[in-house]
Engineer: 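Structure provided below as structure tokens; questions to follow.
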Amino acid sequence: MNRMDEVYDPAVVERTAQGDWSRERAFEVREDPARPKFYCLSMFPYPSGRLHMGHVRNYTIGDVLTRFMRMQGYNVLQPMGWDAFGLPAENAAMKNGVPPAKWTRENISYMRGQLQSLGLAIDWSRELATCDASYYRWNQWLFLRMLERGIACRRTGVVNWDPVDQTVLANEQVIDGRGWRTGALVEKREIPMYYLQITRYADELLGALDELPGWPERVRLMQANWIGRSEGCEISFPYAPDTRSAMQGEGVLKVFTTRADTLFGVTFMAVAAEHPVALAAARSNPPLAAFIEECRRGSVMEADVATQEKKGMATGLHVLHPLTGEQVEVWVANYVLMGYGEGAVMGVPGHDERDFGFALEKGLRIVQVVRSSTGAYDDVREPWKPAYSEYGVTVNSGEFSGLEFQEAVDAVAAALEKKGLGRKRRHYRLRDWGISRQRYWGCPIPIVHCGACGEVPVPDEQLPVLLPENLVPDGSGNPLAKSAAFYECSCPQCGKPARRETDTMDTFVDSSWYFLRFTCPDQSASMLDQRVAYWAPVDQYIGGIEHAILHLLYARFWTKVMRDIGLVKSGEPFTNLLTQGMVLNHIYSYQPAGGRRQYFNPADVDTRKDEAGKEVHEAVGPDGTRLRVQYEGLGKMSKSENNGVDPQNLVERFGADTARLFTMFAAPPEQTLEWSDEGVLGALRFIRRLWTAVHEHVKRGLPDRLDAMSLTSAERDLRRLTHHTLAKVRDDIGRRRSFNTAIAAVMELLNAIGKLDDSGSQSRAVRHEALEVATLTLAPIIPHVTHVLWKALGHAGALLDERWPEADREALVQDAIDMVVQVNGKLRGRIRIAAAADQGIAQAAALADEQVRKFVDKPIRKVVFVPGKLINIVV
RNA sequence: GCGAAAGUGGCGGAACUGGUAGACGCACUGGAUUUAGGUUCCAGCGGGGAAACCCGUGCGGGUUCGAGUCCCGCCUUUCGCACCA
């Protein structure tokens with residue numbers, strides 16, 4: 001043994017292992033129908049410049065599963081790519097005057113190196129970046145297919161406008177009324193743009209959630225809520241004769257309701273400020289116009305809106321009740337949303353809380369048309385009584401009185417249908433996906449606008465519409481719209497000069513199918529080829545919970561479109577989904593009197609106990625003095641709070657294996673992970689102990705052949721634990737995805753190995769087997785050090801291709817066990833007893849135990865016996 | 001407001017099917033080795049008690065021979081959605 005082997009040096013070990021793997025091209029995989037496949041994928045990163053700990057956690061989880069499944073005999077694909085379009089590149093470009101393409105590609109090559117230093121079992125030959133024309137041309141191609149099928153269309157609509165990024169945001173990108181990226185208050189604007197009709201797939205997207213047992217319940221529920229299907233009726237209220245002229249031809253005011261049973265309780269109509277009726281009425285009504293303007297300017301934060309005072313104004317226009325013909329006044333109300341339903345509601349203050357509040361405010365009539373089935377509710381007309389919004393029995397509803405909710409809805413819907421003034425309808429909260437972005441660094445939308453022919457799709461043979469890579473945005477709008485070389489073109493239909501569409505696609509388009517392209521990234525003749533049939537769908541997808549709605553819903557939609565075009569078989573892209581938790585770190589700050597709060601990195605903070613035994617935290621301030629800093633709890637790793645951990649630095653100091661081991665051990669994968677520098681050291685310490693144990697062992701030469709029949713009981717115990725660990729780790733990783741307990745099990749094994757006295761003749765053989773199993777079971781988690789140790793244990797072959805051995809059933813058999821003895825359910829003793837002992841033997845042994853006898857001081861009433869585990873004596 | 005998840009030592013967490021609560025690790029305490037540089041090894045480590053024992057998984061009830069686990073009611077925290085008609 002040479003000196004190098006005595007001390008664990010992660011740098012040397014990791015260079016050796018990674019060198020071996022790259023020489024062997026160990027992670028390049030090909031389709032092999034003879035072997036079961038496993039497609040393991042972590043969400044690809046945005047090339048922001050540097051990896052953060054969240055990436056390390058995400059990719060380590062994927063890598064552990066990849067290597068584990070490989071050892072189970074699967075043909076495993078783990079690819080990697082780059083979600084390379086997007087705003088940060090443009091922002092960086094403005095700041096540094098560098099084209100986004102250059103910035104992005106430099107980041108990619110740096111981050112690729114970082115990923116490689118983690119020793120991930122990635123097939124790099126399949127790498128792709130969404131900003132490559134060879135990739136995004138197929139976005140364009142599929143967009144044209146959607147256009148042909150009417151799934152994509154151009155229309156104007158009210159959109160969310162981010163005033164900072166100067167771009168349109170999808171509903172999903174608006175969080176609490178603010179842009180998801182900038183946090184700026186979103187404005188409403190009307191703009192022509194392209195939409196993908198995801199709503200056509202709403203039913204299937206919702207229904208198929210039930211067929212995704214491998215997805216967390218939480219994510220399925222979030223998607224279901226997002227799609228938000230509700231069953232109800234569309235009801236048309238004809239305009240009253242005096243109103244018809246103001247509406248210029250429009251005959252009816254449409255509303256959507258889930259409570260058609262309350263139709264007879266309508267005392268007013270309410271429309272959104274942007275509703276055509278409101279606008280029509282405002283033309284001759286300046287105060288109303290002012291009110292509408294006020295509503296528009298008002299806070300759009302939905303949480304605010306929800307608690308806002310009910311405001312409104314009468315329009316002076318009227319509609320007729322579709323069944324009674326009674327005249328009903330139309331109001332503009334701030335609580336009606338243009339974006340949901342028809343932008344208008346029927347006001348039923350007796351049975352809707354919001355309508356009730358509005359009616360109180362405006363002194364409108366309140367009519368009761370439902371009473372509770374149990375009779376607990378009788379009269380809502382008294383103003384102090386809240387609206388009764390439960391289902392019940394209809395009253396005061398003419399021929400429809402006396403019906404239960406569903407009967408009433410059915411009867412009302414039928415009556416409306418007969419008059420042509422309504423029908424049952426399904427409604428979704430889900431909106432169509434507007435994909436146009438007034439941005440440079442994205443995939444060009446393949447459309448040409450011609451003065452003569454109108455909107456003309458770019459013919460397939462002219463794809464891709466290349467994005468120029470040499471532009472530098474200056475922050476004022478889209479540089480493509482100012483680049484004549486880009487937008488000047490001729491019409492594909494008539495050949496006359498035309499203008500190319502300068503909007504680019506939402507980057508969520510790019511990430512909606514990259515996982516399929518990984519199966520055939522080099523295919524230049526088509527979007528996908530037959531290789532996709534072997535690999536798709538992704539068997540295990542891993543990523544952050546923040547993508548539970550946006551990305552995962554779009555990817556499901558896009559995959560279904562691709563299925564309908566015949567490109568893939570399955571409409572569901574991801575069979576199993578693991579949403580990993582965030583990586584958090586402690587936050588420490590110091591607030592000088594009257595000065596700005598400054599943050600200290602947890603690594604630089606010392607914690608000790610003061611005289612009173614209370615913990616105090618200290619750090620060295622910028623001027624070299626010691627400061628007492630304040631602990632502010634856990635938070636996301638962030639620059640502004642100076643609590644980030646740099647993965648690069650971590651790997652350089654402790655090695656990738658330590659980083660991997662800590663992130664997998666410190667918490668279950670779905671939970672948040674609390675960063676702990678001491679915990680990292682603990683991980684390093686464990687690897688060192690494993691390293692030393694193996695080298696101390698092999699230093700003395702290879703052991704004798706293991707003879708299972710001639711072992712001492714201590715040797716048999718260790719051997720049982722060895723094989724138990726083999727089975728336990730396989731179950732923990734393979735079934736439960738419980739990496740932390742898998743690691744704990746191997747730690748226990750290593751502790752037991754250290755305790756075995758190896759003077760016996762077979763002890764070294766038993767220890768050897770135990771060390772082999774420890775090395776093998778840790779291989780997916782700490783691949784470098786185990787790769788080297790496996791060789792040290794005398795194996796010529798590579799550990800990563802080693803098959804996971806079956807636990808030896810013989811070795812697991814225990815002839816004597818410690819049985820727990822309870823008296824009245826409380827632990828009172830333990831008896832050593834044959835594993836196969838029956839109740840009679842166990843009871844006799846238990847009662848012979850002095851400690852137990854002490855508590856059995858009354859006649860035995862009952863004995864509960866769990867074979868092999870416990871006996872409970874009830875007195 | 002609606003929906004979901006979670007509350008276990010000083011800390012991260014374990015206990016998977018109702019059966020020994022606290023595995024494993026961190027921190028801490030004591031000892032040994034070494035004097036070196038986030039060293040290794042051994043022992044201890046939920047609370048109370050001299051001990052026998054008693055108490056203990058957010059709180060209050062219940063089911064059961066037996067409850068961290070199941071049921072009912074409450075409290076707290078986190079997350080998602082939010083005037084959705």
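Every chain is numbered from 1, with letters handed out A, B, ... down the list of sequences.
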Engineer: If you only use heavy atoms from C-beta on, which nucleotide in B/G19, B/A23, B/C26 is closest to the side chain of A/E678?
Structural biologist: B/C26
Engineer: What pair of heavy atoms forms the shortest contact from A/N643 to A/G635, and how long is it?
Structural biologist: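 So the two residues come closest at ND2-O, 3.6 Å.
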Engineer: Give one of base, sugar-phosphate or nothing for A/V746, where a contact means two heavy atoms less than 4.0 Å apart.
Structural biologist: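 Nothing: the residue A/V746, judged by heavy atoms under 4.0 Å, touches no strand.
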Engineer: Take the protein atom CD1 of A/I743 and the nucleotide atom P of B/G12, then report the distance between them rounded to whole Å.
Structural biologist: 18 Å
Engineer: CD1 of A/I831 versus C1' of B/U20: gap in Å, rounded?
Structural biologist: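 Distance check: A/I831 CD1 to B/U20 C1' gives 13 Å.
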Engineer: If you go through the side-chain atoms of A/Q671, does one of them form a donor-acceptor pair with the base of B/G13 closer than 3.5 Å?
Structural biologist: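 When only heavy-atom distances are counted, A/Q671 does not reach the base of B/G13 through any donor-acceptor pair under 3.5 Å.
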Engineer: Hey, does the side-chain of A/R689 have a donor or acceptor N/O within less than 3.5 Å of a partner on the base of B/U40?
Structural biologist: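 Side chain to base: no pair below 3.5 Å.
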Engineer: Taking atom P in both B/G9 and B/C59, compute the distance separating them and give it to the nearest angstrom.
Structural biologist: 10 Å
Engineer: My understanding is that a pair needs two contacts under 3.5 Å, Watson-Crick or G-U wobble. By that rule, which nucleotide pairs with B/C41?
Structural biologist: B/G31
Engineer: Starting at CG of A/L749 and ending at P of B/G25, how long is that distance when rounded to a whole Å?
Structural biologist: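 Interatomic distance, CG of A/L749 to P of B/G25: 12 Å.
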Engineer: Name the orientation of the base relative to the sugar in B/G9: syn if the glycosidic angle is within 90° of 0, else anti.
Structural biologist: syn
Engineer: Please answer whether the main-chain N or O of A/G581 pairs with a side-chain N or O of A/R57 as donor and acceptor at a distance below 3.5 Å.
Structural biologist: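 Checking the backbone N and O of A/G581 against the side chain of A/R57, a donor-acceptor pair under 3.5 Å is found.
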Engineer: What nucleotide among B/G25, B/A23, B/A85 has an atom nearest to a side-chain atom of A/F665?
Structural biologist: B/G25
Engineer: Which base, if any, makes a Watson-Crick or G-U wobble pair with B/A15, both distances under 3.5 Å?
Structural biologist: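 Paired with no nucleotide.
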Engineer: Please pick, from B/U20, B/A85, B/C26, the nucleotide with the shortest atom-to-atom distance to any side-chain atom of A/R354.
Structural biologist: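 So the nucleotide nearest the side chain must be B/A85.
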Engineer: Select base, sugar-phosphate, or nothing to describe what A/R830 touches, counting heavy atoms under 4.0 Å on all strands.
Structural biologist: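 Answer is base: heavy atoms of A/R830 come under 4.0 Å of a base.
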Engineer: Choosing from B/A27, B/A85, B/C65, which nucleotide comes nearest the side chain of A/R685?
Structural biologist: B/A27
Engineer: Which nucleotide wins on minimum distance to the side chain of A/E674, given the candidates B/C11, B/C16, B/C81?
Structural biologist: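 Of all the options, the side chain of A/E674 is nearest to B/C11.
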Engineer: Within the structure, does a side-chain N or O atom of A/N740 lie under 4.0 Å from either OP1 or OP2 of B/C24?
Structural biologist: no
Engineer: Nearest to the side chain of A/P668, heavy atoms from C-beta on, is which of B/A14, B/A15, B/A23?
Structural biologist: B/A14
Engineer: Determine the Euclidean distance between corresponding C1' atoms of B/G66 and B/G19; express it in Å to zero decimal places.
Structural biologist: 7 Å
Engineer: Let me spell it out: for each of A/V820 and A/S676, pick the nucleotide of RNA chain B with the closest heavy atom. Which residue's pick is nearer the 5' end?
Structural biologist: A/V820
Engineer: Just name whichever nucleotide pairs with B/G7, Watson-Crick or G-U, keeping both distances under 3.5 Å, else none.
Structural biologist: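 Here B/G7 is engaged in a pair, and the nucleotide opposite it is B/C75.
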Engineer: What closest approach, in Å, do A/A270 and A/V336 show between heavy atoms, and which atom pair accounts for it?
Structural biologist: CB-CG2, 3.7 Å
Engineer: Given the structure, check if the side chain of A/R735 and the base of B/C16 hold any donor-acceptor pair shorter than 3.5 Å.
Structural biologist: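 When only heavy-atom distances are counted, A/R735 does reach the base of B/C16 through a donor-acceptor pair under 3.5 Å.
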Engineer: Does A/V345 reach a base, just sugar-phosphate, or nothing at all? Heavy atoms under 4.0 Å.
Structural biologist: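 It contacts base atoms.
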Engineer: Is there a donor-acceptor pair closer than 3.5 Å between any side-chain N or O of A/H321 and the backbone N or O of A/L263?
Structural biologist: yes
Engineer: Could you check whether A/L221 gets within reach of a base, just the sugar-phosphate, or nothing at all, counting any heavy atom under 4.0 Å?
Structural biologist: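 Sugar-phosphate contact only.
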Engineer: Give A/R828 one of three labels, base, sugar-phosphate or nothing, depending on what nucleic acid heavy atoms sit under 4.0 Å from its own.
Structural biologist: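 If one applies the 4.0 Å heavy-atom cut-off, A/R828 turns out to touch the sugar-phosphate alone, with no base involved.
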Engineer: In Å and rounded to the nearest 0.5 Å, what is the NE2 to CG distance from A/H547 to A/L552?
Structural biologist: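 If we round to the nearest 0.5 Å, A/H547:NE2 and A/L552:CG are 8.0 Å apart.
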Engineer: Mark yes or no for whether A/R689, through its side chain, and A/M747, through its backbone, hold a donor-acceptor pair below 3.5 Å.
Structural biologist: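 Between the backbone of A/M747 and the side chain of A/R689 there is no qualifying donor-acceptor contact (under 3.5 Å).
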Engineer: Who does B/U64 pair with, Watson-Crick or G-U, both distances under 3.5 Å?
Structural biologist: none
Engineer: Does A/R861 make a side-chain N or O approach to OP1 or OP2 of B/C65 shorter than 4.0 Å?
Structural biologist: no
Engineer: Within this structure, what is the CZ-to-P distance between A/R736 and B/A14, rounded to whole angstrom?
Structural biologist: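 Taking atom P of B/A14 as the reference, CZ of A/R736 is at 9 Å.
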Engineer: To the side chain of A/N334, which of B/C53, B/U40, B/C83 is closest?
Structural biologist: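 Output: B/C83.
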Engineer: Without decimals, in angstroms, what is the distance between A/W226 CH2 and B/C84 C1'?
Structural biologist: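 These atoms are roughly 12 Å apart.
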Engineer: Calculate the interatomic distance between A/K854 atom NZ and B/A52 atom C1'; express it in whole Å.
Structural biologist: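 Going from NZ in A/K854 over to C1' in B/A52 covers 6 Å.
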Engineer: Shortest non-hydrogen contact from A/F268 to A/P349?
Structural biologist: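 For A/F268 versus A/P349, the nearest heavy atoms are CE2-CD, 3.9 Å.
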Engineer: Once you apply a heavy-atom cut-off of 4.0 Å, does A/G228 come out as touching a base, just sugar-phosphate, or nothing?
Structural biologist: nothing
Engineer: Strictly distance-based, threshold 3.5 Å: is any side-chain N or O of A/H724 a donor or acceptor partner for the main-chain N or O of A/R720?
Structural biologist: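 No; judged by distance alone, with no hydrogens or angles, the pair does not exist.
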Engineer: According to a strict under-4.0 Å criterion, is A/R220 in side-chain N/O contact with OP1 or OP2 of B/G80?
Structural biologist: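 The answer is no; no side-chain N or O of A/R220 sits under 4.0 Å from OP1 or OP2.
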Engineer: So what does A/D352 hit on the nucleic acid, given a heavy-atom distance under 4.0 Å: a base, only sugar-phosphate, or nothing?
Structural biologist: nothing
Engineer: Does A/Y340 have its ring centroid less than 6.0 Å away from the ring centroid of A/H427?
Structural biologist: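 Between A/Y340 and A/H427, the centre distance is under 6.0 Å.
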Engineer: Name the pairing partner of B/C2, where a pair is Watson-Crick or G-U wobble with both distances under 3.5 Å, or state none.
Structural biologist: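 By the stated definition (distances under 3.5 Å), B/G80 pairs with B/C2.
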Engineer: Across the strands shown, which category fits A/Q851 at heavy-atom distances under 4.0 angstrom: base, sugar-phosphate, nothing?
Structural biologist: sugar-phosphate
Engineer: Tell me what A/E748 touches on the nucleic acid: a base, only sugar-phosphate, or nothing, going by heavy atoms under 4.0 Å.
Structural biologist: sugar-phosphate
Engineer: Can A/R828 be said to sit on top of A/F855's aromatic six-ring, NZ or CZ under 6.0 Å from centre and within 45° of the ring axis?
Structural biologist: yes
Engineer: Heavy atoms from C-beta onward define the side chain here; which of B/U39, B/A15, B/U20 lies closest to that of A/L827?
Structural biologist: B/U20
Engineer: Is A/K728 touching bases, backbone alone, or none of the nucleic acid, heavy atoms closer than 4.0 Å?
Structural biologist: base
Engineer: Looking across every strand, which nucleic acid part, if any, lies under 4.0 Å from A/F865 by heavy atom: base, sugar-phosphate, or nothing?
Structural biologist: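 No contact.
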Engineer: In whole Å, measure the gap between the C1' atoms of B/G73 and B/U78 for me.
Structural biologist: 22 Å
Engineer: Looking at A/K826, I'd like to know whether one of its side-chain N or O atoms comes within less than 4.0 Å of OP1 or OP2 on B/A67.
Structural biologist: no
Engineer: Which part of the nucleic acid, if any, lies within reach of A/N751 when heavy atoms closer than 4.0 Å are counted: base, sugar-phosphate only, or nothing?
Structural biologist: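 A/N751: backbone/sugar contact only, no base atoms under 4.0 Å.
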Engineer: Please measure how far the C1' atom in B/U76 lies from the corresponding atom in B/G58, and state the result in whole Å.
Structural biologist: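 Those two atoms are separated by 7 Å.
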Engineer: Of the nucleotides B/C16, B/C79, B/G3, which has the atom closest to the A/R218 side chain?
Structural biologist: B/C79
Engineer: Let me spell it out: for each of A/D732 and A/K869, pick the nucleotide of RNA chain B with the closest heavy atom. Which residue's pick is nearer the 5' end?
Structural biologist: A/D732
Engineer: Return the nearest nucleotide to the side chain of A/V864; candidates are B/A85, B/C65, B/U39.
Structural biologist: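 Taking heavy atoms from C-beta onward, the closest nucleotide is B/C65.
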